[in-house]
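Accompanying notes for the structure given below.
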Amino acid sequence: MTVSCSTEPPLIRIENLCFGYPGHTEKVLDGLDLLMAPGERIAIMGRSGVGKSTLLNILALLQDFETGDFTFNRRKVKRQGRRQKEQMRSAWIGMVFQAHYLIPYLTVRENVDLALELAPRRVSFGRAEALIDAVGLSHRAHFRPNQLSGGEQQRVGLARALAKEPLLLLADEPTGNLDEETGLRILDLLLDRDMYRGAVITVTHQKQVASLFTRRYRLAKGRLHPLAASKSSGVTP
Amino acid sequence: MKRAGGAFAGFWRTRRGHFLHARRYLARHPAQTILSGIGVCFSLVLLTLTHASRRGTHEAMMAEFAGLGSNSALVYVHESRPLPRRFYDGLEDLCRAREWAFVPVFEETLFANVSGNPQHTRALYTTAAFLEHFRPVRAWGHALRSEDARLARTMVGDDLARRLQISPENPYIKLDEEWFQVTGTVTGLSAGGSQIHQFLDITLATIVTRPLDHLIQAERPLKFILIRTADRGQIRDLQRAFPAFLEAQQLSALRLDLRLPLRQGALRARSEQLLLAHGGLVTAVCLALSCLGILISYQLQVSYRHEEFGTLVALGASRGHIGWNLFCEVLLLTITSGGSGLLIGITLGLGWSWWGSAAMSIHPLDLAQSLAVLTSVALATGLVPALLALRLNPIDLLRLNR
């Protein structure tokens with residue numbers, strides 16, 4: 001099932017994508033379709049083991065798929081070599097995890113700078129400062145991760161993921177380790193268009209988190225099934 | 001040169017980030033960095049001191065020899081037991097009678113020979129020039145059989161040969177547990193060789209197997225006599241016996257030369273090469289063990305830093321990038337530790353030379369050689385974790401982050 005709500009050239013076009021692990025007859029992803037415009041925000045829900053992480057790996061250009069068509073920013077992924085995929089991932093894709101996974105021996109500022117150092121295209125290092133300020137941690141820029149609270153660490157993780165201005169941000173349970181209030185603050189930042197204009201795909205188990213996204217899917221039987229638009233959504237994708 | 005400079009500048013531009021990251025990692029894990037690098041540091045201290053000692057001793061000895069005139073003599077006593085008083089008296093008489101200046105040179109060995117012990121003959125490995133000068137008389141010769149190739153070959157003095165009843169038909173002698181094949185006999189004061197001759201490249205020297213008797217009976221005019229002793233008591237005896245000499249030389253004490261604390265039986269080549277090889281071997285073993293330690297440490301790190309590497313992958317780093325990070329870390333760690341060792345070695349060498357009695361000489365060529373060794377080792381050591389990083393699976397790394 002292909003769903004699109006934009007007339008712009010799509011950022012992601014996936015058609016009939018299949019993937020199965022060697023030695024397993026059942027496909028994890030079986031005929032999956034997805035169409036996503038630049039700047040769109042999507043939430044994907046699903047039971048454990050249904051293939052959400054596999055889908056994220058494929059979207060992050062880390063995992064090869066078996067059949068189907070996957071176009072990312074007008075480039076056919078199947079035709080790209082390992083180095084090209086690394087370059088695409090480095091330039092266009094950001095990732096946020098359930099745990100913050102900051103580099104423990106770097107300060108907040110250095111953690112964010114690291115993302116800029118790894119970015120293939122030149123991004124002003126002033127952006128790191130602006131992002132740290134935007135997530136409200138400018139007064140802790142020289143702190144190490146172990147000197148921050150869980151919510152602060154996740155905010156740094158978010159700032160770091162957004163530093164290189166990726167076209168697509170993949171978020172795997174970004175609020176899974178946080179209390180409700182802190183989680184909502186992180187989501188506010190994640191979905192704040194002033195802070196980040198790119199596309200977001202988040203994987204979550206939390207209905208409350210998914211409800212903040214206008215496009216929501218359930219991953220089941222190897223395919224994405226659209227869920228009804230949330231009435232309580234206060235965020236415009 | 002310009003091209004090399006340009007290549008280096010290009011390399012630095014592209015890899016600067018890796019080195020900065022490596023510097024941050026090492027600086028913020030001081031205990032781990034020090035523990036990992038201490039072995040390399042120690043190895044370089046050892047290497048620097050070995051070089052300094054070798055060169056310093058050589059220079060000091062050459063300076064002494066340069067000061068010897070035609071009537072000079074160096075006394076070399078091939079003896080490990082304290083010599084009787086009559087030896088020193090006789091030596092003094094001899095020196096006076098022949099108008100020899102007397103400059104003792106000492107060398108402490110662990111297994112020096114004992115007078116009258118057939119082991120004397122093991123000193124008879126010498127240079128061709130030395131043999132040519134003294135033209136030792138071979139009572140007979142005997143070609144080694146191929147199956148005897150592993151036997152140590154030696155020559156013995158004619159007195160000893162008579163005592164042991166050595167003949168061409170019975171050329172084998174056993175010393176302790178080691179067999180020797182006697183390839184010839186030498187007469188009186190004829191040529192012998194030892195590492196000290198070869199080290200100094202002296203062609204006019206002799207070994208005194210029965211010191212006093214041979215000195216007195218010698219018909220050959222001696223230019224050098226070397227004293228070699230394993231006994232510190234002998235040095236004290238000599239100091240007592242030759243106060244005038246010490247005064248003339250403005251020496252407060254005789255020098256005990258510790259250059260060659262090696263088993264004589266193990267010496268088969270020139271001493272300089274051997275000493276270098278000895279120091280080099282110890283250093284090589286230390287360096288190899290240290291690098292092995294670093295490699296083991298980094299192999300473990302590749303495992304327990306999965307979280308960090310996964311984060312780097314999530315930020316867009318390739319496996320090659322992680323490999324370069326590790327390579328630069330090990331390179332920086334090894335070079336910094338080795339560089340510190342070099343500086344400590346230089347300081348210790350200079351301090352030792354200044355405050356102690358050891359002759360030490362720090363030479364830029366030796367330092368350059370040490371740096372070259374260090375750089376090669378660092379590059380080789382850094383390569384292994386880098387290659388390990390290339391085998392990391394990015395999906396596994398990211399899986400840990402979920």
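Atoms considered below: every heavy atom in the structure, side chains included; atoms not considered: hydrogens, waters and symmetry mates. So that the names make sense, note that chain A is the first sequence line, chain B the second, and so on, each numbered from 1.
For chain B, the nearby parts of A/Leu106 are the backbone and the side chain; heavy atoms of each come within less than 4.5 Å. Within the 4.5 angstrom heavy-atom criterion, atoms from both the backbone and the side chain of B/Arg319 approach chain A. In this structure, chain B has no heavy atom under 4.5 Å from any part of A/Arg83.
Geometrically, A/Arg223 does not engage A/Tyr217 in a cation-pi contact, judged by NZ or CZ lying under 6.0 Å from the ring centre and within 45° of the ring axis.
In this structure, A/Ser90 contributes its side chain and A/Leu118 its backbone to a donor-acceptor pair below 3.5 Å. At distances below 3.5 Å, at least one donor-acceptor pair connects side-chain atoms of A/Gln84 with backbone N or O atoms of A/Gly81.
Considering only heavy atoms from C-beta on, A/Lys78 stays 4.5 Å or farther from A/Phe70 through its side chain.
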